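None of the values given here were measured: they were computed from a predicted structure. Just so you know, ligand 1 is whichever comes first in the structure, and atom 1 is the first atom listed for that ligand. No hydrogens, no waters, no symmetry mates; every other heavy atom, side chains included, goes into these values.
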Amino acid sequence: MAEKIVPEKSYLVQKFAKIRFGAFHVVGYSVAGEETVVQIPELNVCFDIGRAPFFALTSDLVCITHAHMDHIAGLGYYLSQRCFQGMKTGTAFLPRELERPVDNLLKCWRDVERQGTPYNLIPMMHDQLFEVRRDFGIRAVATHHGGASLAYVLISIREKLKPEYLGKTGPELAKMKLDGVEIQYRIEVPVVAFLGDTTAGPVFDHPDVQNAQVLITECTFFDADHKTKAKAGKHLHVDQLIEQLPKLKNEFIVLTHVSRRTGIRRARGILRKKLGDDAMKRILFLMDFEGSRDAGDMEETVPMPAGE
Ligand SMILES: [Zn+2]
Ligand SMILES: [Zn+2]
């Protein structure tokens, strides 16, 4: 009698990072050329969608930075699964130049899948603020990656009492409000900025990018002889990142999109050597989690990419 075939366990398990910053978390996976998806669960937002890992389905809003496959591949799956599972229609922010081709793509998927998947596309342009709620908005900022590409900043919108009215009592303020006096002013507090893929440029001079509590930026290349690669692919090289640092006031900077050619451990070592321990205190690598191998868990099983 033939021996019974029993399935073996596969160890090709993709691991995701989770970093806590006070009231919110940064969850995700990012390796250059392979997949980038970064979620802020508490703010209901996912930056890029990668291959649509399961956790990403729970965000109602997806901010697509640009159209490279490692950032946008899972969009159709994300929208379709949400429909299939009876969740609210998914909403994708994207550079306005991509609205038409992505709309065409999603319409094709409807025909291919024979499911009338609903979706909302919100075209964005540089410096545009989309107010999701009265107290929460998403601002797009142009990045520099060749073609249409945007960074997104999550903005907490607050109203504060004008200083000249600070001494007034509650009833006095209520009366002034009734009389039509503007007693409050608006402030915008950038909470998280996500740059997607970009080389150095004006995006790093934008006040929301410089002041966000947490800045998530790519830094693809670290080796000295990868500078031409960085230039060709319009990615950030570590030396360019270091040039930006003095003007960045962020409490934390999270680095993503590190090339597998370098790997997280080596990348961290190179940066530490250049910056010193003190400057490293506010800088984290997204994929530098316990138990991770160099930039992910499938190290030996995937071929080296020809280019990022
Ligand atoms: Zn990429
Ligand atoms: Zn790209």
> Check for a donor-acceptor pair, side chain of Q210 on one end and backbone N or O of N250 on the other, with a separation under 3.5 Å.
no
> Indicate whether any N or O donor in one side chain lies under 3.5 Å from an N or O acceptor in the other, for T58 and Q39.
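Checked: T58/Q39 side chains pair up, N/O donor to acceptor below 3.5 Å.
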> Looking only at atom types and distance, does a side-chain atom of D70 sit under 3.5 Å from a main-chain N or O of E35, one as donor and one as acceptor?
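Checked: no pair found.
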> Looking at H71, which of its N, O or S atoms is the nearest one to the Zn ion (ligand 1)?
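The closest N, O or S atom of H71 to the Zn ion (ligand 1) is NE2.
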> Of all the atoms in H257, is at least one N, O or S atom closer to the Zn ion (ligand 1) than 2.8 Å?
yes
> Mind checking whether F93 and F130 have parallel, tilted or perpendicular rings, split at 30° and 60°?
perpendicular
> Write the atom name of the N, O or S atom in D197 that is nearest the Zn ion (ligand 1).
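In D197, the N, O or S atom with the shortest distance to the Zn ion (ligand 1) is OD2.
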> Please give me the minimum heavy-atom distance between A279 and L275, naming the atom from each residue.
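In terms of heavy atoms, the two residues are closest at CB-O, 3.8 Å.
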> By atom name, which N, O or S atom belonging to D70 lies closest to the Zn ion (ligand 1)?
OD2
> N/O/S atom of H66 under 2.8 Å from the Zn ion (ligand 2), yes or no?
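Yes, within the cut-off.
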> Answer yes or no for H68: is there an N/O/S atom below the 2.8 Å cut-off from the Zn ion (ligand 1)?
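Of the N, O and S atoms in H68, none lies under 2.8 Å from the Zn ion (ligand 1), which means no.
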> Is the Zn ion (ligand 2) less than 2.8 Å from at least one N/O/S atom of H145?
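It does; at least one qualifying atom falls short of 2.8 Å.
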> For the aromatic rings, using the six-membered ring if either is Trp, is the centroid distance between H66 and H71 under 6.0 Å?
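Yes.
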